[in-house]
Amino acid sequence: MSGVDKSSSSPAENPSLLTGRNWFERLLIRLIASHTPKCREVVRLLSQSMDVKLPITTRIKLRFHYLMCAWCQRYEKHLRALRKVSSALPEHVDDCCSETLPDSSKEGLKQALRERKPE
Amino acid sequence: MNVSGTGVTDAARQSSSSINPDGWVDEHGDFLYRYALMRVRRPELAEDLVQETLFAAVRTYTAFRGISSERSWLCGILKNKICDHFRKLAHEVSFTDLEFLQDEMSHKFIDQGWNHDLGPAEWKPEAEAALDRKEFWETFRSCLDKLPQRVADVFMLREMEEMDAGQICEALRISQNNLWVMLHRARMALRECLELNWFERKSRMNTKSDERRR
């Protein structure tokens, strides 16, 4: 990313977005920045969007925010990847855990199960 | 009769005689135990959950149609037992983790925009490519272990047992706002942990440690 050295405070002044742009593009970015939530708020909303459907106006604001902020867009992508990974964890539990059910418990279980009948 | 009857006989044989709890213990016992242990952390509790799961499996075996694999069927039952466990636990302990609710990621933002050196990096290769790697799951597990216990519980109920937000609030007796904050913090911390420990970003890591020293 170019222009990272001049890190600045708000997305509107994000040098990687504003350097080399003409006055009109800069105006557009400032306009978007002033009408969409700040990144800190965006990441909070993105997490929320994984649990409930956000209002349409909020979703539109997020889309506009992405026009000027690649980080938040990437953050959303990562949240989706995280969900995929987490939901796959149960089937990969043998890859990350090595504990075993003690043999005595297994025998006890089998014994108890033999006395049970399907309904 | 012979031709059309074969299917019926097979189905009848399947439902009555192929029930094999001994086989479940041998083939899936460790798997169920590992999952349960990861979720409840105490061996005796995990064993109880495995036992409850298998008892329920015997009881409901006639309803199992073999559409999913035996393992995912048993895993589904265990997930329900885990949800019940936390529902009961919520009567005894509070799931509102106030300590973790304090903002820990302030350094990532400057005046509410991303601090440029610490913004999310491109994940290459993508997460999907890592799912077959044993080391990846070990890394993910250690990231989960770093979360405060209650926050990890809530996150896993949402993403592994796949309870929806309303069900979790009701089961754990927490407010929706509280749930969102906990999930947000959990996701933020896990994303960060995976990025640092799995997806290579050595140069960024150096920048980060400089940042901390400042």
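We name chains A, B, ... by the order of the sequence lines, and we start the count at 1 in each one.
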**Q** Roughly how far, to the nearest 0.5 Å, is CG of L179(B) from CD of Q48(A)?
**A**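 Going from CD on Q48(A) over to CG on L179(B), the span is 9.5 Å.
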
**Q** Under 4.5 Å from any heavy atom of chain A, what part of E161(B) do you find: side chain, backbone, both or neither?
**A**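 Neither part.
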
**Q** Stepwise, does the side chain to side chain contact (heavy atoms under 4.5 Å, CB included) test hold for F155(B) with L82(A)?
**A** CA-CA 11 Å; F155(B) 176 80; L82(A) 182 62; 4.3 Å; yes

**Q** What's the separation between atom CH2 in W71(A) and atom NZ in K108(B), rounded to the nearest 0.5 Å?
**A**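 Answer for the CH2-NZ pair, W71(A) versus K108(B), is 11.0 Å.
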
**Q** Looking at CZ of R40(A) and CZ of F109(B), how far apart are the two atoms once the value is rounded to the nearest 0.5 Å?
**A**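 Output value for this atom pair is 6.0 Å.
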
**Q** Contact part of L78(B) toward chain A, heavy-atom cut-off under 4.5 Å: side chain, backbone, both or neither?
**A**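 Contact with chain A involves no heavy atom of L78(B) at all.
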
**Q** In sequence, state the C-alpha distance, the side-chain angles, and the governing distance for D22(B) and R114(A), and then conclude on salt bridge (charged side-chain N to carboxylate O under 4.0 Å, His left out).
**A** CA-CA 8 Å; D22(B) 278 21; R114(A) 266 171 223 140; 2.8 Å; yes

**Q** Select one option (side chain, backbone, both, neither) describing which atoms of R71(B) are under 4.5 Å from chain A's heavy atoms.
**A**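 Contact with chain A involves the side chain of R71(B) alone.
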
**Q** Sequence neighbours excluded and cut-off under 3.5 Å, please list the side-chain donor-acceptor pairs for residues 45-53 of chain B, or say none.
**A**
| unit_1 | atom_1 | unit_2 | atom_2 | d |
| --- | --- | --- | --- | --- |
| E47(B) | OE1 | S105(A) | OG | 2.9 |
| E47(B) | OE2 | S105(A) | OG | 3.2 |
| T53(B) | OG1 | L49(B) | O | 2.7 |

**Q** Determine the option with the most heavy-atom pairs under 4.5 angstrom with chain A, choosing from F55(B), W137(B), W180(B).
**A**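 Option with the top pair count is W137(B).
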
**Q** When you measure from the side chain of R34(B) to the backbone N and O of V93(A), does any donor-acceptor pair fall under 3.5 Å?
**A**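 Looks like no, no N/O pair under 3.5 Å.
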
**Q** Of all heavy-atom pairs between M50(A) and R158(B), which one has the smallest distance, and what is that distance?
**A**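 Distance-wise, the nearest heavy atoms are O-NH2, 3.0 Å.
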
**Q** How about S87(A) and E162(B): do any of their side-chain heavy atoms sit closer than 4.5 Å?
**A**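 The answer is yes; the side chains approach within 4.5 Å.
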
**Q** Non-hydrogen atoms of chain A under 4.5 Å away: do they reach the side chain of L194(B), the backbone, both or neither?
**A**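 Interface part for L194(B): side chain.
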
**Q** Would you compute the distance between atom CG of L144(B) and atom OG of S86(A) and round it to the nearest 0.5 angstrom?
**A**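 These two atoms lie 7.0 Å from each other.
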
**Q** If every non-hydrogen atom of R74(A) is compared with every non-hydrogen atom of P120(B), which pair is closest and at what distance?
**A**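 Taking every non-hydrogen atom into account, NH1-O, 2.6 Å.
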
**Q** Considering only heavy atoms, which portion of L37(B) lies under 4.5 Å from any heavy atom of chain A: side chain, backbone, both, or neither?
**A**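 Side chain only.
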
**Q** Go through the atoms of L89(A) and report whether side chain, backbone, both or neither lie under 4.5 Å from a heavy atom of chain B.
**A**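 Interface part for L89(A): both.
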
**Q** Given a strict heavy-atom distance threshold of 4.5 Å, which part of Y35(B) is in contact with chain A: side chain, backbone, both, or neither?
**A**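 Backbone plus side chain of Y35(B), per the 4.5 Å heavy-atom cut-off to chain A.
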
**Q** What part of R141(B) gets closer than 4.5 Å to chain A, counting heavy atoms only: side chain, backbone, both or neither?
**A**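 The side chain, not the backbone.
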
**Q** What closest approach, in Å, do L101(A) and G29(B) show between heavy atoms, and which atom pair accounts for it?
**A**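 In this case the closest contact between L101(A) and G29(B) is CD2-O, 4.0 Å.
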
**Q** Could you please spell out the steps behind the side chain to side chain contact (heavy atoms under 4.5 Å, CB included) verdict for F136(B) and D95(A)?
**A** CA-CA 9 Å; F136(B) 174 77; D95(A) 289 331; over 6 Å; no

**Q** Given H184(B) and V43(A), is the side chain to side chain contact (heavy atoms under 4.5 Å, CB included) satisfied, shown in steps?
**A** CA-CA 8 Å; H184(B) 172 40; V43(A) 292; 3.9 Å; yes

**Q** Mark yes when over 12 heavy atoms from residues, nucleotides or ligands other than K84(A) sit less than 6.0 Å from its NZ; otherwise mark no.
**A**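 12 or below, so no.
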
**Q** Considering only heavy atoms and a distance below 4.5 Å, find which of H92(A), E91(A), K106(A) pairs most often with chain B.
**A**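 Counting heavy-atom pairs under 4.5 Å, the top option is H92(A).
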
**Q** Does a sphere of radius 6.0 Å around NZ in K110(A) hold more than 12 heavy atoms from other residues, nucleotides or ligands, not counting ones at 6.0 Å or beyond?
**A**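 Yes, because the 6.0 Å sphere around NZ of K110(A) holds more than 12 heavy atoms from other groups.
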
**Q** Considering only heavy atoms, which portion of V42(A) lies under 4.5 Å from any heavy atom of chain B: side chain, backbone, both, or neither?
**A**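 Neither the backbone nor the side chain of V42(A) comes within 4.5 Å of chain B.
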
**Q** Compare all side-chain heavy atoms of C96(A) with those of F140(B) and state whether any distance is below 4.5 angstrom.
**A**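 Sidechains of F140(B) and C96(A): no contact.
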
**Q** Let me confirm one number: the OG-CZ distance from S47(A) to R191(B), rounded to the nearest 0.5 Å.
**A**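 Reported value, rounded in 0.5 Å steps: 12.5 Å.
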
**Q** Mind checking whether H78(A) and W123(B) have parallel, tilted or perpendicular rings, split at 30° and 60°?
**A**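 Ring orientation, 0 to 90° scale: parallel.
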
**Q** For V52(A), is it the side chain, the backbone, both or neither that has a heavy atom under 4.5 Å from a heavy atom of chain B?
**A**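 The side chain, not the backbone.
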
**Q** I'd like to know which of L109(A), D94(A), L46(A) tops the heavy-atom pair count under 4.5 Å against chain B.
**A**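 Most heavy-atom pairs under 4.5 Å with chain B: D94(A).
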
**Q** Does atom CD of E170(B) have more than 12 heavy-atom neighbours, drawn from other residues, nucleotides or ligands, at distances under 6.0 Å?
**A**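 Count not over threshold, so no.
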
**Q** Could you check W114(B) against C72(A) for side chain to side chain contact (heavy atoms under 4.5 Å, CB included), going step by step and ending with a plain yes or no?
**A** CA-CA 9 Å; W114(B) 288 100; C72(A) 286; 3.2 Å; yes

**Q** Indicate the atoms forming the closest heavy-atom contact of C75(B) with P90(A), along with that distance.
**A**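 That closest heavy-atom pairing would be SG-CB, 4.2 Å.
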
**Q** Is chain A contacted by the side chain of E126(B), its backbone, both, or neither, given a heavy-atom distance below 4.5 Å?
**A**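 Interface part for E126(B): side chain.
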
